[in-house]
Amino acid sequence: MTEQPPLPQLPKPDVCFVDGQLVSSEFDDIFFSAQDGLAETQHVFIAGTSLEKMLAENTHLVIGETGFGTGLNLCAMMALLDKSDSQCRIDYISFEASPLEAGTADRALSAFSGLDAYRHELIACWPRRWPGVHHVELCDGQLHLQLHYGQAEDILPTLDFTADAWFLDGFAPARNDSLWSETVLRNIGRLSRAGTKLASFTVAGAVRQRLAETGFEVTKQPGFGHKRHMLVAEMKAGRQALPATEQADQHVLIVGAGIAGCALSYHLDRLNISHQLIDAETGVAGQASGNPAGLVLPHLSVGDSLAARLSLSAFADMLAPLDASGAILSEQVVSLDMPDIKARRQQKLATQGYPEDLACYRTADELSEMLNISVDVGGMVIPQAKLISPRSFCAYLAASEPIKAQITDMARHAAGWHLTSSEGVQFDGTHLVLCSGHALPDMLEQLGYSSGRFQLTTGQISLMPARDMPEDLPALNFGGYLARLPEQVMLGASYDFTLSDRVLERAHRHNLALLPEQLHHLIDTDISGWQGRVANRLATEFRMPLCDYDCGGQIEGLSVLGALGSRGLTLGFFLARHLAGQIAGRPDFLQRRLKDAMSLSRVFGVSF
């Protein structure tokens, strides 16, 4: 079998400061005008796309940008929002192939004292240099930054959104031709509507010609400073603009109050969309999300897989809400080289070039010193991974207390959905989202969809007193996992296809067998005194979750988020962001291939 190529890593930016000016050594070009970069941004991009007028006339705008750089254009946009006192919501979608470190961007932007407040806000949440898409909320949530790290030429063709304005920035076409290629400019045209405005500092002939071929009417205008001309353009015949979503008319019914449902509640609340959270249990996290602790860590792959791409973006998206939630029990996870098959995989991972703040390999001696316990194998250290309280995190996310109700009937009607519980309680909504965990196949069967390619297993964790386990020892992963909780130790986890709902001795023995002998001294190994918790987990046969808005466009008003397997704590928040955005009519950030891999039609093998 041919091995997949590794996941592309981000190149380190080759930049330096020359007389206080940020310069790219790679492209031999400056990041912004030496005369006054802010004034240039205001002249070329803000005035060039008539943004002040657009803010006054719209309640929502989508701005696309090629070349995020220092974030100067974004800071200027934030300042304009402040100055205009507009209530318009902004989705700012940008692309950057070689992201700067936060400190470098901060130093470059500090030249503009008028932007200090916006610079501080942006730098405080500057995304880590991890491949994928990053999300940042700015201006009290009025501006949402969707920042794609990677080559725009590769990413743009995979996305579907409609921009109202484009900032074509980046280094000059003669120095960085890939950002001005036919592929990039053709897709900018594809992602524009009739009336979309565009501006750029360059009037290069090839750029003007390619834009004209995509449907833009291109003109020259006076440039900034010593530049004689700049480019402005307007799309004459593009994508049909989607009708604005009337949020006041929407009411979403969420069935399931685990990590998926609570995360969806969080995102819908921030988008001002009315919803109800319904669960058969009392409170949040009654099922698989209710374990006393759980790991949030990325799935790293030796090859370039969809699962790894999804996991990296989702992991990055989880860090900010986790920090705000108070649900973190400990920081950092160490994945030991055990068993042998995992050791071989991790030694390959060590050569993939992952950023040090994402994953780094350490020898047995280095780990022994770091952990203050003796281990005879090396392993991967995941510095930003967390051990969290899932129940606390779900409670933080849920916008309101779930309504306890066992849904027994779901009926679709012209205005949306009508649900009935076993107690006769009725619910009506315009949109239904099934986040029902292991009960998802049964609920889909109620709607007429059976024989899906699901895998249902029971997982049991074991809880026991700590013996010599240091309180500050990070969670250890070794095929199973060992984690220090405030009052006890958690060891997991079994995978049982018999679907027992009882804590079993044989599952305790299974978990103990996973624990390497050299770590037995850390716990009380007498299983007669152990406790445990059992929960069912649902996955697809493809090991990809289900996340499907409107069932792929086939069933309006019905969406699904589930089959998260053992990775729900890492994936749930990110995928809920996608679904909430789709319900609200916001621009999508998931690549098309990824959406296809998580569709209901893939699980059932048919189109709906």
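Given the structure is predicted, the values throughout are model-derived calculations rather than measurements.
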- Query: Is the closest side-chain heavy-atom distance between Ile155 and Gln591 below 4.5 Å?
  - Reply: yes
So, are Arg592 and Asp160 salt-bridged, with charged N and O less than 4.0 Å apart?
yes
Quick note, ring pair (Phe, Tyr, Trp, His ring centres under 6.0 Å) partners involving residues 523-546, not counting sequence neighbours, are His508-Trp530
Test side-chain contact (heavy atoms from CB on, under 4.5 Å), reference Tyr481, set Leu297, Asn511, Leu491, Ile461, output is Ile461
>> Tell me if a side-chain donor or acceptor on Ser289 pairs with a main-chain N or O of Ile259 at a distance below 3.5 Å.
In response: yes
Quick note, side chain to side chain donor-acceptor pair (under 3.5 Å) partners involving residues 325-334, not counting sequence neighbours, are Glu331-Lys386
For Arg509, the side chain to side chain donor-acceptor pair (under 3.5 Å) test, sequence neighbours excluded, returns Glu505
>> Between Tyr449 and Leu600, is there a side-chain heavy-atom distance shorter than 4.5 Å?
In response: no
| message | So for atom CD, which belongs to Glu471, do other residues, nucleotides or ligands contribute more than 12 heavy atoms lying within a distance under 6.0 Å? | response | no
Sorted by chain and number, sequence neighbours left out, ring pair (Phe, Tyr, Trp, His ring centres under 6.0 Å) with Phe95 holds for His148
Residue set satisfying side-chain contact (heavy atoms from CB on, under 4.5 Å) with Val534, at least two apart, ordered chain then number -> Thr458, Gln460, Val503
Checklist entry - Hey, mind stepping through Asp269 and His267 against side-chain contact (heavy atoms from CB on, under 4.5 Å) and telling me if it holds? => result CA-CA 5 Å; Asp269 184 62; His267 289 299; over 6 Å; no
Given the options Asp279, Thr282, Ile278, Val425, Lys404 meets side-chain contact (heavy atoms from CB on, under 4.5 Å) only with Thr282
Taken in chain and number order and not counting sequence neighbours, the residues that satisfy ring pair (Phe, Tyr, Trp, His ring centres under 6.0 Å) with Phe427 are none
Residues Gly258 and Cys394: closest non-hydrogen pair is C-SG, 3.8 Å
Contacts of Ser389 meeting side chain to side chain donor-acceptor pair (under 3.5 Å) (sequence neighbours excluded), chain-then-number -> Ser392
*Donor-acceptor under 3.5 Å (Trp417 side chain, Gly557 main chain)*: yes
**Request:** Indicate yes or no: at least one non-hydrogen side-chain atom of Leu268 is less than 4.5 angstrom from one of Ile254.
**Result:** yes
For Gln352 and Lys348, indicate whether the former's side chain and the latter's backbone hold a donor-acceptor pair under 3.5 Å.
yes
How about Tyr361 and Val381: do any of their side-chain heavy atoms sit closer than 4.5 Å? no
Fill in: Ion pair Arg128/Asp357, N-O distance below 4.0 Å
yes
### Task
Evaluate the criterion salt bridge (charged side-chain N to carboxylate O under 4.0 Å, His left out) for residue pair Asp496 and Arg506; output intermediate values, then yes/no.
CA-CA 10 Å; Asp496 194 334; Arg506 62 178 169 82; 2.8 Å; yes
- Evaluate the side-chain proximity of Leu336 to Leu367: yes if any heavy-atom separation is below 4.5 Å, no if none is. yes
Handout entry: More than 12 heavy atoms from other groups under 6.0 Å of CD on Glu423
Key = yes
Between Ser274 and Gln250 the two heavy atoms that sit nearest each other are CB-O, 3.5 Å
Review item, side-chain donor-acceptor pairs of residues 430-443, under 3.5 Å, at least two apart:
unit_1: Thr430; atom_1: OG1; unit_2: His251; atom_2: N; d: 3.0
unit_1: Thr430; atom_1: OG1; unit_2: His251; atom_2: O; d: 3.2
unit_1: His431; atom_1: NE2; unit_2: Ser559; atom_2: OG; d: 2.8

Counting only heavy atoms from other residues, nucleotides and ligands, does the tally under 6.0 Å from CD of Gln9 exceed 12? yes
Donor-acceptor side-chain pairing of Arg543 and Gln455 below 3.5 angstrom
yes
(Q) Could you go through Met464 and Gln488, starting from their C-alpha distance and side-chain angles, then the distance that decides it, and tell me whether this counts as side-chain contact (heavy atoms from CB on, under 4.5 Å)? (A) CA-CA 6 Å; Met464 72 287 299; Gln488 54 193 165; over 6 Å; no
Exactly one candidate in Phe315, Tyr354, Tyr149 meets ring-ring contact (aromatic ring centres under 6.0 Å, His included) with Trp130; the answer is Phe315
Ring pair (Phe, Tyr, Trp, His ring centres under 6.0 Å) filter on His144, not counting sequence neighbours, yields His135
By ring pair (Phe, Tyr, Trp, His ring centres under 6.0 Å), Tyr266 pairs with (sequence neighbours left out) Phe573
Closest non-hydrogen contact found for Val284 with Ala395 is CG2-N, 3.8 Å
All heavy atoms of Gly261 vs all of Leu277, minimum pair found to be O-CD1, 3.7 Å
Review point. Is any side-chain heavy atom of Asp409 closer than 4.5 Å to a side-chain heavy atom of Leu419?
Key: no
Exercise. Side chains of Ser528 and Asp526: donor-acceptor distance under 3.5 Å anywhere?
Worked result: yes
With heavy-atom distances below 4.5 Å as the criterion, would you say the side chains of Pro465 and Val489 are in contact?
no
* Any side-chain heavy atom of Gln347 within less than 4.5 Å of one from Asp337? -> yes
Note: Pro587 and Asp91 closest approach over all heavy atoms is CD-OD2, 3.2 Å
Mark yes or no for whether Arg537, through its side chain, and Thr457, through its backbone, hold a donor-acceptor pair below 3.5 Å. no
Between the CE atom in Met544 and the CG atom in Asp596, the distance rounded to the nearest 0.5 Å is 10.5 Å
Exercise. So, Arg362 and Glu356, do they make that salt bridge, N to O below 4.0 Å?
Worked result: yes
Sequence neighbours excluded, the answer for salt bridge (charged side-chain N to carboxylate O under 4.0 Å, His left out) partners of Glu137 is Arg577
Tightest non-hydrogen contact, residues Ala152 and Pro157, listed as O-CD, 4.0 Å
For the residue pair Glu281 and Gln287, confirm or rule out a side-chain donor-acceptor distance under 3.5 Å.
yes
Inset, instruction - Indicate whether the side chain of His275 and that of Ser265 have a donor and an acceptor atom separated by less than 3.5 Å. - result: yes
Quick one: does any side-chain atom of Arg533 pair with a main-chain N or O of Ser462 as donor and acceptor, under 3.5 Å? no
- Query: Salt bridge or not for Lys595 and Asp548, using N-O below 4.0 Å?
  - Reply: no
Check: Is there a donor in the side chain of Gln346 and an acceptor in the side chain of Ser335, or the other way round, less than 3.5 Å apart?
Finding: yes
Do Asp588 and His578 have side-chain N/O donor and acceptor atoms under 3.5 Å apart? yes
In short, ring pair (Phe, Tyr, Trp, His ring centres under 6.0 Å) pairs touching residues 378-410 with sequence neighbours left out are none
